[in-house]
Chemist: 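My structure is below; once you've seen it, I'll send some questions.
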Amino acid sequence: MVKVTFPDGSVKEFEQGISAIEIAKSISPRLAKEVLACSINNEVKDLTTTITEDCTFKLHKWEDAEAKHTFWHSSAHLMAEALQALYPGIKFGIGPAIESGFYYDVDMPEGKVITDSDLVKVENKMREIASAKSEIVREDISKADALSLFESKDEVYKIELINELEDGTITLYKQGAFVDLCKGPHLPDVGGIKAIKLLSIAGAYWRGDEKRKQLTRIYGITFPKKKMLDEYLELLEEAKKRDHRKIGKELELFTFSQSVGQGLPLWLPKGAALRERLENFLKKVQKAYGYDQVITPHIGQKELWVTSGHYAKYGQDSFQPIHTPAEGEEYLLKPMNCPHHCEIYKFKPRSYKDLPVRLAEFGTVYRYEQSGELHGLTRVRSFTQDDAHIYCRPDQLKDEFMKVMDIILYIFKTLDFQNFETQISLRDPNNKEKYIGSDENWEKAEAAIVESCKEKGIEATVELGEAAFYGPKLDFMVKDALGRRWQLGTIQVDYNLPERFELEYIGSDDQRHRPVMIHRAPFGSMERFVAVLIEHTAGKFPLWLTPQQVVVLPISERFNEYAEKVSKVLNNSDIRAEIDDRNEKIGRKIRDNEVKHVPFMLIVGEQEAENESVSVRRQGEGDKGVMSVNDFISFINNEVKKELE
RNA sequence: GCCGACGUAGCUCAGUGGUAGAGCGCAUCCUUGGUAAGGAUGAGGUCACGAGUUCAACUCUCGUCGUUGGCUCCA
């Protein structure tokens with residue numbers, strides 16, 4: 001007999017060699033039907049796994065991530081079987097489950113191409129195979145046998161994978177006519193895969209290496225029930241409605257022009273107004289934290305980036321130098337603001353008493369991003385960083401680092417970004433020559449970040465090898481409408497630029513010392529931030545960010561004069577008011593949500609004109625009653641204040 | 001940059017080897033006194049650009065540019 005401990009702590013005894021699915025059946029037949037995977041000693045396993053010794057045990061239903069993962073992994077195998085049937089000679093790469101669904105990388109037979117229109121055919125084949133409910137069988141195999149099996153099929157990618165595996169750890173999973181190298185776990189059979197949707201086709205380099213062959217990646221998602229698939233597809237549709245590119249166009253916030261160039265956003269008046277408000281908000285916060293605004297040019301001599309080390313690393317893949325009539329003179333569009341700020345730091349001798357120096361600038365930078373990588377406002381070639389560089393003494397580093405975290409957390413809270421993730425990026429310990437700077441400095445900087453997070457109670461994931469080449473960093477990531485992660489706020493510690501630019505301060509010992517530098521951008525860039533803000537709010541910005549706040553509507557021409565008076569008073573406060581001509585069908589647009597940036601409508605007529613008041617309506621909330629114009633101003637200010645708190 | 005898809009009126013899209021349509025928007029006029037409105041009429045497009053096949057190309061082929069789903073990249 002074996003003792004099996006369940007998640008609630010209870011222990012039951014079973015015959016040795018009982019399978020997980022049999023345990024589920026012993027609890028209830030319905031559970032056995034719904035269960036998809038199990039964890040034995042906290043390791044996810046097949047339901048067909050037999051239990052030979054005492055263990056902890058948990059069954060996973062669809063709700064558990066482990067179950068979804070298993071379900072989608074088996075779905076990838078099902079798709080592979082269908083592809084094999086439809087395209088003989090197809091070769092397989094890898095086919096894992098992902099956050100939502102799964103993919104399989106395949107190498108199509110010579111001369112064959114798969115396109116979107118073929119996906120339905122593959123789906124149908126998958127359904128056909130699934131309905132046969134063939135079992136998925138696991139098999140342990142020796143390395144030699146595995147090699148000869150896949151060599152006989154000329155599966156070059158699988159062979160490459162097997163060669164990297166240890167003998168004795170290799171397993172196969174078979175279902176129907178398909179066999180795959182796979183460590184599992186999988187469903188007991190493919191019959192449960194009922195609702196199938198293949199989503200898209202993409203190219204993907206074998207093993208993520210752009211020098212190697214590009215395989216065809218097919219993405220799909222499956223569910224145990226059709227209703228769940230329908231709900232998921234509807235969710236995708238809803239997310240598309242929040243796409244910042246769509247809303248940005250509708251609300252006339254920004255646009256792109258082929259004539260201006262790829263990835264070069266043009267901010268329209270309303271978008272510029274929104275951006276200006278965000279900038280002013282941040283400026284105010286930064287002022288309170290002791291930052292000084294500076295302004296620097298968009299170009300600088302090439303030597304500036306040779307000194308910083310950026311030219312050596314990125315020069316070839318950037319906008320190329322600007323030449324002047326002078327022989328040999330070269331300027332670069334600035335890809336970052338750091339060197340300019342370093343020169344500001346150097347403009348006069350600094351005392352230890354002056355530190356920290358905090359130089360802030362909404363600095364527009366230019367980076368020649370790969371064309372395929374451009375995406376709406378989230379990835380562009382010209383963007384404005386809410387940049388600042390902090391120069392401080394080593395003993396001030398942690399304190400300054402934490403103050404920056406405070407700013408970022410305050411901003412995220414004010415804008416109601418709750419689901420952000422934080423990531424600490426450290427260097428790859430096995431590849432230290434990729435980075436510039438001494439070991440000692442790197443270790444100090446990395447420790448400062450890890451400790452700061454700990455003290456702020458922030459649970460950050462740690463990624464090795466993700467650091468910038470000059471220092472470690474802490475990033476704040478937010479997901480867009482479709483669940484893609486974008487990095488917004490960033491804080492980076494840098495011991496290298498102060499070295500390269502020979503920055504100094506005079507210490508209390510009357511000796512020269514090297515300051516530490518922190519790069520930081522709470523929004524990241526105005527472009528990306530606005531994009532993510534649009535998707536989070538679905539275009540319904542907080543009142544204090546709204547480009548236009550009020551429409552004044554006279555109920556007949558007779559009251560135009562009074563409407564003008566009202567809007568004048570409002571415009572003298574910081575509320576923006578527009579008079580609505582009655583022929584403009586703005587009312588219907590607001591009602592139908594076609595216009596999202598006019599949260600208030602003021603109706604003025606005889607009564608209002610007589611007692612100098614306005615009738616107030618708030619979008620989505622209806623009548624707010626009649627009030628004097630001054631009361632309305634303080635009403636809005638109160639609402640704004642509430643949102644800012 | 002690479003693989004796939006897409007590019008028709010300001011927007012969202014339909015359409016066909018014989019030189020184009022809808023809805024919304026826009027313009028003009030009418031109507032509307034408590035209203036997040038109604039009606040009529042009208043103006044908009046060398047069907048992204050260039051070449052080729054064809055008697056004839058928006059439609060087929062190739063190329064370019066741009067957008068887009070991914071991959072790689074992201075100072």
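Fair warning: this is a prediction, and the values are worked out from it, not measured in the lab. Atoms considered below: every heavy atom in the structure, side chains included; atoms not considered: hydrogens, waters and symmetry mates. Lettering of chains follows the sequences in order, A, B, ..., and the numbering in each one begins at 1.
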Chemist: For B/U16 versus B/G39, give the span between their C1' atoms, rounded off to a whole number of Å.
Modeler: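 It works out to 35 Å between them.
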
Chemist: For B/C73 versus B/C3, give the span between their C1' atoms, rounded off to a whole number of Å.
Modeler: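 16 Å, rounded to whole Å.
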
Chemist: Which residues, if any, of residues 205-214 of chain A bring a heavy atom under 4.0 Å of RNA chain B?
Modeler: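 Within residues 205-214 of chain A, the residues near RNA chain B are A/Tyr205, A/Gly208, A/Glu210, A/Gln214.
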
Chemist: Could you tell me whether A/Arg212 sits above the aromatic face of A/Tyr205, with NZ or CZ closer than 6.0 angstrom to the six-membered ring centre and within 45 degrees of the axis?
Modeler: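 Output no; distance or angle outside limits.
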
Chemist: Can a cation-pi geometry be assigned to A/Arg381 and A/Tyr368, taking NZ or CZ under 6.0 Å from the six-membered ring centre and within 45° of the ring axis?
Modeler: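 Satisfied, under 6.0 Å and within 45°.
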
Chemist: Heavy atoms only, 4.0 Å cut-off, all strands: where does A/Gly315 land among base, sugar-phosphate and nothing?
Modeler: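 It contacts nothing in the nucleic acid.
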
Chemist: Is the base of B/C74 touched by the side chain of A/Arg379 through a donor-acceptor pair closer than 3.5 angstrom?
Modeler: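 In this structure, the two groups form a donor-acceptor pair.
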
Chemist: Quick one: does A/Ser615 reach the base of B/G34 with a side-chain donor-acceptor pair under 3.5 Å?
Modeler: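 When only heavy-atom distances are counted, A/Ser615 does reach the base of B/G34 through a donor-acceptor pair under 3.5 Å.
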
Chemist: On RNA chain B, does the nearest nucleotide to A/Tyr366 precede the nearest nucleotide to A/Thr216 from the 5' side, or the other way round? Give the residue.
Modeler: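 The answer here is A/Thr216.
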
Chemist: Nearest whole angstrom, please: distance from the P of B/A75 to the OH of A/Tyr495.
Modeler: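 Going from OH in A/Tyr495 over to P in B/A75 covers 20 Å.
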
Chemist: Rounded off to whole Å, could you give me the CZ-to-P distance for the A/Phe600 and B/A36 pair?
Modeler: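 Value for this atom pair: 17 Å.
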
Chemist: NA contact type, A/Ile114, heavy-atom cut-off 4.0 Å: base, sugar-phosphate, or nothing?
Modeler: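 No contact at all - A/Ile114 keeps every heavy atom at 4.0 Å or more from the nucleic acid.
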
Chemist: Would the base of B/G1 count as contacting A/Glu369 through its side chain, where contact means a donor and an acceptor less than 3.5 Å apart?
Modeler: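 No, the side chain and the base share no sub-3.5 Å donor-acceptor pair.
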
Chemist: With a 3.5 Å cut-off and heavy atoms only, can you find an N or O donor on one side and an acceptor on the other between the side chain of A/Glu606 and the base of B/G33?
Modeler: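 Yes.
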
Chemist: Report which part of the nucleic acid A/Ser308 touches: base, sugar-phosphate, or nothing (heavy-atom distance under 4.0 Å, all strands).
Modeler: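 No contact.
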
Chemist: Is a side-chain N or O of A/Gln487 found less than 3.5 angstrom from the main chain of A/Met477, in a donor-acceptor match?
Modeler: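 Looks like no, no N/O pair under 3.5 Å.
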
Chemist: What does B/U61 pair with, Watson-Crick or G-U, if both distances are under 3.5 Å?
Modeler: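 Looking at the geometry, B/U61 pairs with B/A51.
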
Chemist: Look at atom NZ of A/Lys444 and say whether more than 12 heavy atoms of other residues, nucleotides or ligands are closer to it than 6.0 Å.
Modeler: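 Above 12, so yes.
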
Chemist: Would you kindly give the CZ-to-C1' distance between A/Arg381 and B/A75, to the nearest whole Å?
Modeler: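 Result: 16 Å.
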
Chemist: Please determine whether a side-chain nitrogen or oxygen atom of A/Arg217 lies at a distance below 4.0 Å from atom OP1 or OP2 of B/G70.
Modeler: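 Checking A/Arg217 against B/G70: no side-chain N or O falls below 4.0 Å of OP1 or OP2.
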
Chemist: What is the distance from CG of A/Asp243 to C1' of B/G69, rounded to the nearest Å?
Modeler: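 In whole Å, B/G69 C1' and A/Asp243 CG are 12 Å from each other.
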
Chemist: Which of these, A/Thr422, A/Thr490, A/Thr461, sits in a side chain to side chain donor-acceptor pair (under 3.5 Å) with A/Asp475?
Modeler: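 Looking at A/Thr422, A/Thr490, A/Thr461, the match for A/Asp475 under the side chain to side chain donor-acceptor pair (under 3.5 Å) is A/Thr490.
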
Chemist: With salt bridge (charged side-chain N to carboxylate O under 4.0 Å, His left out) as the criterion, how do A/Asp439 and A/Arg427 come out once you've worked through the C-alpha distance, each side chain's angles and the decisive distance to 0.1 Å?
Modeler: CA-CA 11 Å; A/Asp439 256 9; A/Arg427 70 183 161 161; 3.0 Å; yes

Chemist: On RNA chain B, compare the nucleotides closest to A/Phe469 and A/Val626; which residue's is nearer the 5' end?
Modeler: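 Upstream on the strand: A/Val626.
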
Chemist: In whole angstrom, give the distance that lies between atom CD of A/Gln370 and atom P of B/C73.
Modeler: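 Rounded to whole Å, this separation is 9 Å.
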
Chemist: Counting only Watson-Crick or G-U wobble pairs whose two distances fall under 3.5 Å, which nucleotide matches B/G4?
Modeler: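 Base partner found: B/U68.
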
Chemist: Can you tell me which nucleotide in B/C65, B/A75, B/G34 comes closest to the side chain of A/Gln258?
Modeler: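 So the side chain of A/Gln258 is nearest to B/C65.
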
Chemist: Between P on B/C74 and CD on A/Gln487, what's the gap in Å once rounded to a whole number?
Modeler: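 To the nearest whole Å, that distance equals 12 Å.
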
Chemist: Once you round to the nearest 0.5 Å, how far does CG of A/Leu236 lie from NZ of A/Lys241?
Modeler: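 One gets 12.0 Å once the value is rounded to the nearest 0.5 Å.
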
Chemist: Which whole-number value in Å describes the distance from A/Trp486 CH2 to B/C73 C1'?
Modeler: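 Rounded to the whole Å, the gap is 12 Å.
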
Chemist: As a test of reading the structure: which of B/G33, B/G70, B/G1 is closest to the side chain of A/Arg484, going by heavy atoms?
Modeler: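 From the listed options, B/G70 comes nearest.
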
Chemist: What's the gap between B/U59 and B/A48 when it is taken at their P atoms, as a whole Å value?
Modeler: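 Taking atom P in both B/U59 and B/A48, they lie 8 Å apart.
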
Chemist: Contact class for A/Lys473 vs. all strands (heavy atom < 4.0 Å): base, sugar-phosphate, or nothing?
Modeler: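 Sugar-phosphate, no base atom in range.
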
Chemist: Show, in sequence, the C-alpha distance, side-chain angles and deciding distance for A/Glu250 and A/Lys246, and conclude whether the salt bridge (charged side-chain N to carboxylate O under 4.0 Å, His left out) test is met.
Modeler: CA-CA 6 Å; A/Glu250 284 168 1; A/Lys246 179 175 150 70; 3.2 Å; yes

Chemist: Among B/C65, B/G4, B/C74, which is the nearest nucleotide to the side chain of A/Thr115?
Modeler: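 Of the options given, the side chain of A/Thr115 lies nearest B/G4.
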
Chemist: Scan A/Ala202 against the nucleic acid and name what it touches under 4.0 Å (heavy atoms): base, sugar-phosphate only, or nothing.
Modeler: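 It contacts base atoms.
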
Chemist: What is the nucleic acid contact for A/Phe559, judged by heavy atoms within less than 4.0 Å: base, sugar-phosphate only, or nothing?
Modeler: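 Base: the residue A/Phe559, judged by heavy atoms under 4.0 Å, touches a nucleobase.
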
Chemist: Using the P atom as the point on both nucleotides, what is the distance between B/G7 and B/U12, in whole Å?
Modeler: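 About 13 Å, rounded to a whole number of Å.
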
Chemist: When the C1' atoms of B/A40 and B/U61 are considered, how many whole Å apart are they?
Modeler: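 To the nearest whole Å, 48 Å.
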
Chemist: Which value, in whole Å, describes the distance between the P atoms of nucleotides B/C11 and B/G45?
Modeler: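 About 14 Å, rounded to a whole number of Å.
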
Chemist: When you check the glycosidic angle of B/G44, does it come out syn, meaning within 90° of 0, or anti?
Modeler: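 Syn.
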
Chemist: Taking the C1' atom of each, how far is B/C65 from B/G18, in whole Å?
Modeler: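 Each nucleotide's C1' atom is 29 Å from the other's.
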
Chemist: Out of B/G70, B/A75, B/G4, which nucleotide sits closest to the side chain of A/Tyr219?
Modeler: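 Shortest atom-to-atom distance from the side chain points to B/G70.
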
Chemist: Return the nearest nucleotide to the side chain of A/Gln607; candidates are B/G34, B/C71, B/U12.
Modeler: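 Nucleotide nearest to A/Gln607's side chain: B/G34.
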
Chemist: Taking a pair as Watson-Crick or G-U wobble with both distances under 3.5 Å, which nucleotide is matched to B/C24?
Modeler: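 B/C24 is paired with B/G10.
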
Chemist: Hey, does A/Glu608 reach any base, or is it just sugar-phosphate, or nothing, if we go heavy atoms under 4.0 Å?
Modeler: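 Result for A/Glu608 = base.
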
Chemist: Which is true for A/His375 with a 4.0 Å heavy-atom rule: it touches a base, it touches only sugar-phosphate, or it touches nothing?
Modeler: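 Sugar-phosphate contact only - A/His375 comes under 4.0 Å of backbone atoms but never of a base.
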
Chemist: Is the positively charged end of A/Lys346 above the ring of A/Phe501, judged by distance under 6.0 angstrom from the centroid and angle within 45° of the axis?
Modeler: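 Ring-cation test returns no.
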
Chemist: Tell me which nucleotide among B/G70, B/C11, B/G4 gets nearest to the side chain of A/Asp116.
Modeler: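 Between B/G70, B/C11, B/G4, the one nearest the side chain of A/Asp116 would be B/G4.
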
Chemist: Can you check whether A/Gln262 has a side-chain N or O nearer than 4.0 Å to OP1 or OP2 of B/C65?
Modeler: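 It does not, given that no N or O in the side chain of A/Gln262 lies less than 4.0 Å from OP1 or OP2 of B/C65.
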
Chemist: Please tell me if the side chains of A/Phe529 and A/Leu377 come closer than 4.5 Å, counting only heavy atoms from C-beta onward.
Modeler: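 A/Phe529 vs A/Leu377: side chains apart.
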
Chemist: When the C1' atoms of B/C58 and B/A9 are considered, how many whole Å apart are they?
Modeler: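 Nearest-Å result for B/C58 against B/A9 at atom C1': 14 Å.
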
Chemist: Given A/His389, which of A/Arg358, A/His340, A/His519 fulfils the side chain to side chain donor-acceptor pair (under 3.5 Å) condition?
Modeler: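 Of all the options given, the one that passes is A/His519.
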
Chemist: If I take atom CG in residue A/Asp107 and atom C1' in nucleotide B/C2, what distance separates them, rounded to the nearest angstrom?
Modeler: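 For the pair A/Asp107 CG and B/C2 C1', the rounded distance is 15 Å.
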
